[in-house]
Amino acid sequence: MERAFQRTQVLTNHLLQSSSPLPSQTLSSNACLSYSPPELSENCAFDVKEMRKLIDGHNLEERDWLFGLMKQSELFNPKVKGGKVFVSPDYNQSMEQQREMTLKRIKYLQERGVFKGWLTEKGEEIEMRKFAGFEVFSIYDHSLFTKLGVHFPMWGGAIQFCGTKRHHDKWLRDTENYSIKGCFAMTELGHGSNIRSLETVTTYDSNTGEFVINTPCESAQKFWIGGAAKHATHTVVFSQLHINGINQGVHAFIVQIRDVDGNICPNIRIADCGHKIGLNGVDNGRIWFDNVRVPRENLLNSVADVSPDGKYLSSIKNPDQRFAAFMAPMTVGRVNIAIGAVCQSKVALAITIRYALTRRAFSLKPNEPEVLLLDYPSHQRRLFPLVAKTYAMSFAANYLKVLYAKRTPQSNKAIHIVSSSFKATFTWNNMQILQECREACGGQGLRTENRVGHLKGEYDVQSTFEGDNFLLMQLVSKALFAEYMAAQKRNKVFKGLGLEHMNKPCPVIPSQLTSTTLRCSQFQMDALCLRERDLLNRFVADVLKCKAKGENTEQAFNSCYELAKDLGRAFSERAIFQTFVEAESTLPAGSLK
């Protein structure tokens with residue numbers, strides 16, 4: 001009661017503007033409002049620049065140059081706060097304004113040579129430079145990252161990898177210069193993950209030397225095509241190819257959808273997908289084709305071709321192998337999504353932890369300062385494991401980038417499996433991190449300006465585009481099943497995908513788990529390997545049991561979907577941890593290690 005009376009007296013004196021209140025009764029600024037950037041008062045026990053080199057891994061100067069370009073232009077909304085320049089999109093703009101700003105930003109970057117060599121040069125160096133660029137774009141804005149991802153790795157990548165010299169010479173430089181704006185028409189209203197069952201149909205007219213593309217039904221309309229609604233001039237259309245009444249499977253064709261003045265081309269209908277919970281700076285659209293004719297040369301023919309007189313030609317006779325060869329280069333989309341998810345986890349945690357180093361709440365004793373959020377064990381417990389997880393994902397993402405940049409025909413299968421598992425794991429983890437960070441920021445996490453809450457809507461789509469995460473985990477488990485059966489059939493050891501641990505004796509978990517044991521990286525690796533081994537053995541046994549009951553292979557896999565998901569996660573988390581341990585082991589003793 002005494003304290004309540006004292007507070008009432010202070011408020012009374014304040015409201016009446018009493019000329020002689022007691023010193024202890026004056027209202028004053030609370031410490032929790034005295035904001036200063038945490039780096040001014042917090043000391044790091046390690047060299048921040050060296051840690052940044054370790055985490056980013058490559059092309060640091062390129063990244064800093066890109067961030068510098070953004071800070072110099074009003075297009076990126078630079079704001080000076082706490083002695084630093086921050087750039088962030090204005091998400092209060094309308095959908096139409098966000099789309100136009102994304103396009104203007106791309107043109108600004110293109111005019112300054114950011115994309116030079118992205119499609120016209122080859123090799124590991126240019127691949128890593130592109131990855132660095134996409135990480136910068138992801139940190140800034142998901143719409144910028146996605147629209148460029150559709151244009152370069154998807155449209156441009158399809159021409160690079162599925163096309164041949166005639167396509168490279170005609171399309172790649174104009175694509176790199178952004179005089180052609182490409183999109184990627186694969187997904188349909190009725191088919192997303194199941195690419196082999198797409199319903200768009202293409203036939204060949206040998207009289208004119210043209211392919212004729214049609215949308216035969218409403219479920220065959222191309223849907224969610226990034227760039228199609230407003231800006232794209234060309235697209236790669238994925239369609240069933242019928243030659244002489246025989247369906248030769250899915251193939252890709254270059255189609256112009258707008259003329260130089262931006263008018264939609266004849267026999268093509270385009271509609272806007274409208275407002276979304278995120279990514280409103282990308283103009284997703286729907287496309288219908290009504291007897292659209294394109295030259296025979298517009299078939300991307302690295303895997304198969306059609307002769308002028310209408311004969312189907314391919315050195316790969318098996319349709320399954322042909323489809324796999326055709327789709328193998330498309331994994332770059334999953335690689336980019338995986339690394340983009342890690343970038344957003346970093347953004348959210350950086351914002352949340354900086355806030356927790358300045359915001360105070362509750363005193364432990366009367367008349368003492370309120371306590372920093374990050375000094376509460378509960379706050380540490382909710383955030384620090386996510387920081388550790390993000391470090392681990394960061395090293396795994398660097399491993400994935402190098403694996404892709406150094407790819408060979410022999411490594412394509414491994415890239416497909418690893419990128420699928422990492423894409424699912426990183427995007428799931430990112431959504432968990434964004435939600436935890438939103439809650440840890442309290443009411444400030446709801447403000448769009450503070451980014452954390454808004455990013456949940458922006459990045460939610462990553463769990464389903466470029467492959468639904470649950471289906472990707474099933475894909476990984478099927479691949480592990482095949483590896484297991486092949487090793488058993490040939491009576492050979494496991495080789496590749498990190499499965500060599502299956503050749504060793506089963507790890508033994510000590511009955512007494514001391515602190516030293518739990519902190520030992522070898523024990524942790526053994527535990528993760530043991531889980532993966534156990535789940536793989538159980539998955540194989542259950543699938544074979546289902547097949548023995550008369551189920552076909554696909555039915556058996558579907559019956560074991562829960563184990564498949566768990567196995568995919570176990571494979572992914574063991575692989576992530578392995579890259580983390582290997583990265584740490586290369587460091588000399590010291591604070592960075």
Side-chain angles (χ1 to χ4, degrees), residues 52 55-57 63 66-67 70 76-77 86-91 98 102 105 130-150 153 226 276-282 333-356 382-398 400-401 419 422-441 444-467 469 572 576:
R52 189 253 172 135
I55 295 175
D56 282 354
R63 296 166 194 258
L66 266 175
F67 283 128
M70 291 179 177
F76 295 87
N77 304 320
F86 290 88
V87 290
S88 178
D90 180 3
Y91 292 115
Q98 289 185 53
T102 302
R105 287 165 186 150
K130 283 191 284 187
F131 283 137
F134 274 108
E135 288 181 82
V136 171
F137 303 145
S138 176
I139 288 169
Y140 176 72
D141 176 38
H142 196 204
S143 289
L144 180 64
F145 168 86
T146 302
K147 196 169 178 76
L148 285 170
V150 169
K276 309 178 289 287
I277 64 169
L279 275 181
N280 283 302
V282 177
R334 286 176 189 158
V335 175
N336 271 320
I337 290 169
I339 64 177
V342 178
C343 289
Q344 282 316 303
S345 296
K346 293 176 182 178
V347 168
L349 284 165
I351 293 169
T352 304
I353 289 174
R354 284 171 61 86
Y355 182 63
R382 72 193 302 188
L383 294 178
F384 288 174
L386 302 182
V387 174
K389 184 178 284 189
T390 302
Y391 268 91
M393 292 192 299
S394 188
F395 290 120
N398 287 341
L400 178 59
K401 286 181 284 185
S419 64
F422 281 9
K423 183 265 180 185
T425 304
F426 292 177
T427 55
W428 270 332
N429 284 340
N430 183 44
M431 291 311 295
Q432 176 208 358
I433 288 167
L434 289 174
Q435 180 62 33
E436 196 67 53
C437 287
R438 210 299 294 158
E439 294 179 25
C441 287
Q444 294 297 337
L446 293 177
R447 293 188 68 199
T448 303
E449 184 183 30
N450 291 335
R451 299 192 71 181
V452 177
H454 182 82
L455 290 176
K456 289 199 312 172
E458 285 287 321
Y459 279 84
D460 199 6
V461 66
Q462 289 198 334
S463 299
T464 50
F465 73 7
E466 283 299 310
N469 284 354
S572 185
I576 292 167

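Below, all heavy atoms of this structure are taken into account, side chains as well, without hydrogens, waters or symmetry copies.
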Distance check, rounded to the nearest 0.5 Å: [X] atom [atom1] versus [Y] atom [atom2]?
X	Y	atom1	atom2	answer
His454	Thr448	NE2	OG1	6.5 Å
Ser419	Ile339	OG	CD1	11.5 Å
Met393	Lys389	CE	NZ	7.0 Å
Leu434	Asp460	CG	CG	9.5 Å
Asn430	Thr390	CG	OG1	8.0 Å

Run the side chain to side chain contact (heavy atoms under 4.5 Å, CB included) check on Phe426 and Ile576 step by step: do they pass? CA-CA 10 Å; Phe426 292 177; Ile576 292 167; 3.5 Å; yes

Indicate the atoms forming the closest heavy-atom contact of [X] with [Y], along with that distance.
X	Y	answer
Met431	Ser463	CG-OG, 4.2 Å
Tyr91	Gln98	O-NE2, 3.7 Å
Leu148	Pro153	O-CD, 3.4 Å
Ala348	Val452	O-CG2, 4.3 Å

Are Phe137 and Thr146 close enough, and set up right, to give a side chain to side chain contact (heavy atoms under 4.5 Å, CB included), and what steps lead you there? CA-CA 9 Å; Phe137 303 145; Thr146 302; over 6 Å; no

The criterion is side-chain contact (heavy atoms from CB on, under 4.5 Å); which residues satisfy it with [X], sequence neighbours excluded?
X	value
Ala440	Thr352, His379, Arg382, Leu383
Ser143	Thr102, Asp141, Leu279, Val282, Glu458
Asn450	Gln444, Arg447
Leu386	Leu349, Gln432, Ile433, Glu436

With distance as the sole criterion, is a donor-acceptor pair present between the side chains of Ser394 and Lys346 under 3.5 Å? yes

Residue pair Glu449 / Ser88, side-chain heavy-atom distance below 4.5 Å: no

Going by heavy atoms in the side chains, are Gln462 and Asn469 under 4.5 Å from each other? no

Would you find a donor on one side and an acceptor on the other, under 3.5 Å apart, between the side chain of [X] and the backbone of [Y]?
X	Y	answer
Arg334	Glu466	yes
Gln344	Ser138	yes
Asn280	Lys276	yes

Residues in ring-ring contact (aromatic ring centres under 6.0 Å, His included) contact with [X], at least two apart in sequence or another chain:
X	result
Tyr459	His142
Tyr391	none
Tyr140	Phe76
Phe465	none

Just jot down the side-chain hydrogen bond (donor to acceptor under 3.5 Å, both in side chains) partners of [X], sequence neighbours excluded, or say none.
X	answer
Thr425	Ser572
Lys130	none
Asn77	none

Checking side chain to side chain contact (heavy atoms under 4.5 Å, CB included) for the pair Ile139/Phe145: CA distance, chi angles, key distance, verdict? CA-CA 9 Å; Ile139 288 169; Phe145 168 86; over 6 Å; no

Give the C-alpha distance, both sets of side-chain angles, the deciding distance and a yes or no for side chain to side chain contact (heavy atoms under 4.5 Å, CB included) between Phe422 and Val335. CA-CA 8 Å; Phe422 281 9; Val335 175; over 6 Å; no

Contacts of Glu135 that satisfy salt bridge (charged side-chain N to carboxylate O under 4.0 Å, His left out) - sequence neighbours left out: Arg63, Lys401

